[in-house]
Amino acid sequence: MRIFISQPMKGKTDSEIKQERERIIEKVREEYGEAVTVIESFFEGAPAAAKPLWFLGKSLEMLAGADLAVFASGWQDARGCRIEHDCAVAYGIGTMEM
């Protein structure tokens with residue numbers, strides 16, 4: 001199973017983002033087993049001038065390959081996460097909230 005993690009990132013450090021991702025991955029593996037493959041959607045080394053829409057476009061491209069989209073706490077308050085959720089639902093990708 002390939003999972004995509006959608007999480008609010010604004011105002012968080014890289015370390016905080018990675019810690020939250022690890023917590024989510026651990027919980028998903030507890031539920032679905034070790035056969036979970038995580039689609040890496042945290043962009044380190046992105047172009048310095050990249051705008052939010054650039055990140056969203058890349059995220060949607062990755063979401064297309066997921067079997068399950070996992071939405072971290074607070075996703076409803078993040079514009080990009082809401083769009084990713086709408087796309088997952090519209091295109092039949094399973095969703096889970098954590």
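This chain uses plain numbering: 1 for the first residue, then up along the sequence.
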Notebook entry, point to check: Heavy atoms, side chains only, cut-off 4.5 Å: are T37 and M1 in contact?
Noted result: no

Margin query: Measuring from atom CG of D77 to atom CZ of R82, what distance do you get when rounded to the nearest 0.5 angstrom?
Written below: 7.5 Å

Next item on the list: Evaluate the side-chain proximity of L56 to R79: yes if any heavy-atom separation is below 4.5 Å, no if none is.
Entry: no

Next item on the list: Would you mind checking if R21 and E40 are paired as a salt bridge, meaning a charged N to carboxylate O distance below 4.0 Å?
Entry: yes

Next item on the list: Look at the side-chain heavy atoms of Ile, Leu, Val, Met, Phe, Trp and Tyr, link any pair under 4.5 Å apart, and say whether I39 and M96 land in one connected group.
Entry: no

Note to self: Please check if the number of heavy atoms outside K12 that lie under 6.0 Å from its NZ is greater than 12.
What the structure shows: yes

Checklist line | M62-L53 co-clustered via ILVMFWY side chain contacts under 4.5 Å | finding: yes

Item checked: Reported CD1-to-CZ distance for the pair I5 and F71, which is rounded to 0.5 angstrom -> 11.0 Å

Item checked: Atom pair CD/OG of E20 and S73 - distance to nearest 0.5 Å -> 7.0 Å

Next item on the list: Please examine the side chains of V28 and V70, heavy atoms only from C-beta on, and report whether any two atoms are closer than 4.5 Å.
Entry: yes

Note to self: I'd like to check K27 versus Y32 (side-chain heavy atoms, cut-off strictly below 4.5 Å). Are they in contact?
What the structure shows: no

Item checked: Heavy-atom side-chain contact between S59 and S6 under 4.5 Å -> no

Next item on the list: Measure the spacing between CD1 of I25 and CE of M98 and express it to the nearest 0.5 Å.
Entry: 10.5 Å

Next item on the list: Indicate yes or no for a side-chain donor-acceptor contact from R2 to the backbone of V36 under 3.5 Å, with no hydrogens or angles considered.
Entry: no

Checklist line | pair I93-L63: side-chain heavy atoms closer than 4.5 Å | finding: yes

Check: How far does CD of Q7 sit from SG of C81, to the nearest 0.5 angstrom?
Finding: 7.5 Å

Item checked: Interatomic spacing from CG in L60 to CZ in F4 - rounded to 0.5 Å -> 7.0 Å

Next item on the list: Please answer: with hydrophobic residues joined when any side-chain heavy atoms are less than 4.5 Å apart, are V89 and W75 in the same cluster?
Entry: no

